[in-house]
Amino acid sequence: MAQMTMIQAIKDAMRVELARDPNVLLFGEDVGHVGGVFRATEGLQGEFGEDRVFDTPLAESAIGGLAVGLSTQGFRPIAEIQFVGFIYEALDQICVQAARLRYRSGGRYNAPITFRTPIGGGVKAAELHTDPLEGLLVQTPGLKVVYPSNPYDAKGLLISSIRDNDPVFFLEHLNLYRSFRAEVPEGEYTVPLGKANVVREGKDVTVITYGAMVHTSLKAAEELEKSRGVSVEVIDLRTLMPLDIDTIVESVKKTNRAVVVQEAQKTAGIAAEVIAQINEKAILHLEAPVLRVAPPDTVYPFAQIEDQWIPNPARVVAGIEKVLDF
Amino acid sequence: MSKPFYEVGAEEVKPLSVLSPEGTIVNEQYMPALTDDQLRELLRRMVFTRVWDERAVNLGRQGRLGFYAPVSGQEGTMIASEFALNKDDFVCPGYRDMPQIVWHGLPMYQAFLYSRGHQHGGQIPQDVHVLMPQIIIGAQILHATGVAMAFKKKGEKRVAITYTGDGGSSEGDFYEGLNFAGAFKLPVIFVVQNNGYAITTPFSKQTAAQSIAHKALAAGVTGVQVDGMDALAVYKVVSEAAERARNGGGATLVEALTYRFRPHSMADDATKYRTKEEEAEWEQKDPITRLRNYLTGKGLWSEEEEAKVKEEAKATVAEEIKKAEATEKMTVAGLIDSMYETTPKHLEEQKAEYL
């Protein structure tokens, strides 16, 4: 089996689907000739031709609108938004036009579009290049939101996203693009959307998280194991919409304690939703309030203090300890 | 003093008219090649649409329709532009452009259902090539570029047409759509119905551009201006644009100078921002009067024929609104099931509360 970085796995998923389905198109700013500012699409134009893998003029709303129009005629677009902050320019086309198409046409049209964008801090990028905007997307009915934490999941989830008949927003954490390699099968396989993964089994407390915070949480879990002999279970959500509440509830029923860790601002985000659903489905199993470890409700402070802003293992440890010692 | 060589410029444009407001030919060389039957059909559709509009306004007042944007005055542009296309061409309308998609094949009762907020309104039949009217001004312009790109990729000789107003031509999506269409040389026609007002804001406050048609220059696509109260002139420029698009000549921006005789919507009072004199002046240019005069002069139209069309329109509207009203109400459960191909578990649970 090949060892791949996450960005290689992402490219491999697109290669597999471009080869399998002639209706798959891949476009965005700089994705064609050069293969994207991060090289996520490098070589794909050469392999599949300019008709299927192409650069667009620089206009994010138009990239979204183009995808919607193409999708009504049987195409299955993969539309790249170059940096996450630029999705603001395209929110109407993503959150209104694509996400409502099935509803407003009573099912006559759907929008089998995969929007991709790099997201996530810690790489000292420019302003508005890495902001954690997943909450905006998760609040959009009709859209699915996927956020992988490793190469294997990234490839399998992206193939599932491209094949899905609803619009999917696929978020790629910049800090995970090349941070490590993992075994990734050749050819096609899928990881189902809407299914979380228990990445570390434990019995004392559950940490629910996603994206780069999976790795931060795993470090925190190891530290606590060493320092206090605590057994921490870590759940990687993988898909943020729809949320796999069953896996979460099953775990909480076992551990009776939970913490949600997210890279996005604290208020009204994924963590709030996870806690609300635990409250609805498992409150009598809890020995302590479910807490959030999350950055403050400020704008994302690019570059200089981002390492202090983004939760680190020490803050996750502190959050878990609060729940343990309640 | 002439401008320096390093300053861009553009010559003045004048709208094309084929008929005078009295219905006499003023530009024989631009007369479109329409048969007598086609001319009659064009007028029939315009007269029919005027009656439908009157009835729809009344239905709105009676609470039998939801949002409705009146169309009277703009039939010359709406009906003739759609009439210039093939049935397999694709229409991406703005909120006022219901007539184009109904004449393109959407059953009228579905237009009424859409106005009433019923999802079945948007369940466009498989062989009808339209999207439902867009509410976000300008968003449909980008959909048309996407549809046109699909036609080009498939090698089909079909075109996409999209409509907006003078206000819509100020939107970012308008510029982005034009620019994409130019850059990819797409078979798409952008029709801007310049009716002088974006709800209440007059065109004089909308742009400092010489004309909306001039905006085509920046995108490298063809731009034309047409007398939007002259159905034959509109037919001429749109069929030319379609021909150009089908033959690889790329996109056209059509600015049609027109007027809406009624307010923007049922909630709007046009007397607050338009003068009686101005309204009277535009009524003299009524696209129906103009084409009727021309056809009557040629012996192709009569009062009896007109009365027949009006009766037919009234009866059709009555029948179609009845059909809309008789359609079973949509349900919250059905709504929930329309969000995704397969309803996810959390929505199944929410649905259970409405069963």
Side-chain angles (χ1 to χ4, degrees), chain A residues 22-23 25 27 51-52 54-75 77 89-90 92-93 96-110 112 141-144 164-167 193-194 239 241-246 273 277 280-281, chain B residues 90 92 110 113-114 118-126 128-129 131-132 134-136 138-154 156 158 160 171-173 175-177 179-184 188 330 334-347 349:
Chain A
N23 288 320
L25 301 175
F27 54 85
D51 197 45
R52 297 189 57 207
F54 53 94
D55 291 326
T56 66
L58 199 161
E60 289 78 17
S61 185
I63 290 169
L66 197 68
V68 172
L70 283 162
S71 77
T72 65
Q73 304 306 310
F75 285 104
E89 292 278 1
D92 172 51
Q93 291 297 338
V96 179
Q97 307 304 335
R100 292 172 75 97
L101 195 55
R102 182 183 292 281
Y103 153 78
R104 80 189 306 263
S105 69
R108 159 72 199 277
Y109 296 114
N110 50 313
L143 196 63
K144 295 180 181 176
D164 200 275
N165 285 329
D166 289 304
L193 304 187
T239 300
M241 178 57 69
L243 201 61
D244 178 7
I245 192 63
D246 291 349
E273 180 55 33
Q277 292 201 34
E280 287 169 0
K281 291 172 194 286
Chain B
F90 199 96
C92 298
Q110 287 189 262
L113 280 175
Y114 171 77
H118 195 302
Q119 264 182 306
H120 177 54
Q123 270 174 335
I124 301 148
Q126 284 297 332
V128 178
H129 304 286
L131 286 176
M132 291 308 282
Q134 183 50 241
I135 299 300
I136 303 298
Q140 72 278 12
I141 294 169
L142 299 176
H143 303 160
T145 61
V147 169
M149 181 182 272
F151 293 159
K152 186 173 176 173
K153 286 195 182 300
K154 293 178 179 181
E156 296 175 343
R158 298 163 71 186
E171 289 279 4
D173 282 355
Y175 292 98
E176 292 189 17
N179 187 58
F180 268 51
F184 290 112
V188 53
M330 56 183 276
L335 167 70
I336 287 173
D337 280 335
S338 73
M339 297 315 303
Y340 297 95
E341 183 176 42
T342 307
T343 302
K345 190 160 177 259
H346 71 287
L347 274 172
E349 287 175 12

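When reading the values below, keep in mind they use all heavy atoms of this one structure, side chains included, and skip hydrogens, waters and symmetry mates. Letters A, B, ... mirror the listed sequences (proteins, then strands); counts begin at 1.
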Contact origin within B:Y175 toward chain A - heavy atom pairs under 4.5 Å: neither

Heavy-atom contact with chain B under 4.5 Å, split by part of A:L25: side chain

Neighbour count >12 (heavy atoms, 6.0 Å) for atom CZ, A:R52: yes

Rounded distance [0.5 Å steps], CD in B:E176 versus CD in A:E60: 7.5 Å

Chain A contact via B:A183 - side chain, backbone, both or neither, heavy atoms under 4.5 Å: side chain

Side chain / backbone / both / neither for A:F75 at chain B, heavy atoms under 4.5 Å: side chain

Contacting region of A:S61 [heavy-atom separation from chain B under 4.5 Å]: both

For A:R104 against B:M132, the heavy-atom pair lying closest together: NH1-O, 3.5 Å

Neighbour count above 12 (heavy atom, 6.0 Å) for A:E89 CD: no

Pairwise distance CG(A:D244) to NE2(B:H346) - rounded to 0.5 angstrom: 12.0 Å

Side chain / backbone / both / neither for A:N110 at chain B, heavy atoms under 4.5 Å: neither

Least distance between heavy atoms, B:E349 atom then A:K281 atom: OE1-NZ, 2.5 Å

Residue part contacting chain B, namely of A:S71, when any heavy atom lies under 4.5 Å: neither

Choice from B:G172, B:G334, B:A160, B:P125 maximising heavy atom contacts with chain A below 4.5 Å: B:P125

Under 4.5 Å from a heavy atom of chain A, the part of B:L347 involved: neither

Contact leader toward chain A among B:H129, B:Q119, B:H118, where contacts are heavy-atom pairs under 4.5 Å: B:Q119

Most contacts with chain A, counted as non-hydrogen pairs under 4.5 angstrom, among B:K152, B:K154, B:K345, B:Q126: B:Q126

Sequence-distant partners of B:F184, ring-ring contact (aromatic ring centres under 6.0 Å, His included), two or more places apart: A:F54, B:F180

Separation between CD1 of B:I124 and OH of A:Y109, rounded to the nearest 0.5 Å: 5.0 Å

Interchain contact, B:E156 with chain A, by part (heavy-atom threshold 4.5 Å): neither

Closest heavy-atom pair and its distance - A:Q93, B:A139: NE2-O, 3.4 Å

Interface moiety of B:V128 toward chain A, non-hydrogen atoms closer than 4.5 Å: backbone

Under 4.5 Å from a heavy atom of chain A, the part of B:Q140 involved: neither

Chain B contact via A:D55 - side chain, backbone, both or neither, heavy atoms under 4.5 Å: backbone

Shortest non-hydrogen contact between A:M241 and B:Y340, atoms and distance: CG-OH, 3.9 Å

A:V68/B:L142 under side-chain contact (heavy atoms from CB on, under 4.5 Å): CA gap, chis, key distance, verdict: CA-CA 8 Å; A:V68 172; B:L142 299 176; over 6 Å; no

Closest non-hydrogen atom pair between A:L70 and B:A150, with its separation: CD2-N, 3.6 Å

B:E341 (side chain) donor-acceptor with A:D166 (main chain) under 3.5 angstrom: no

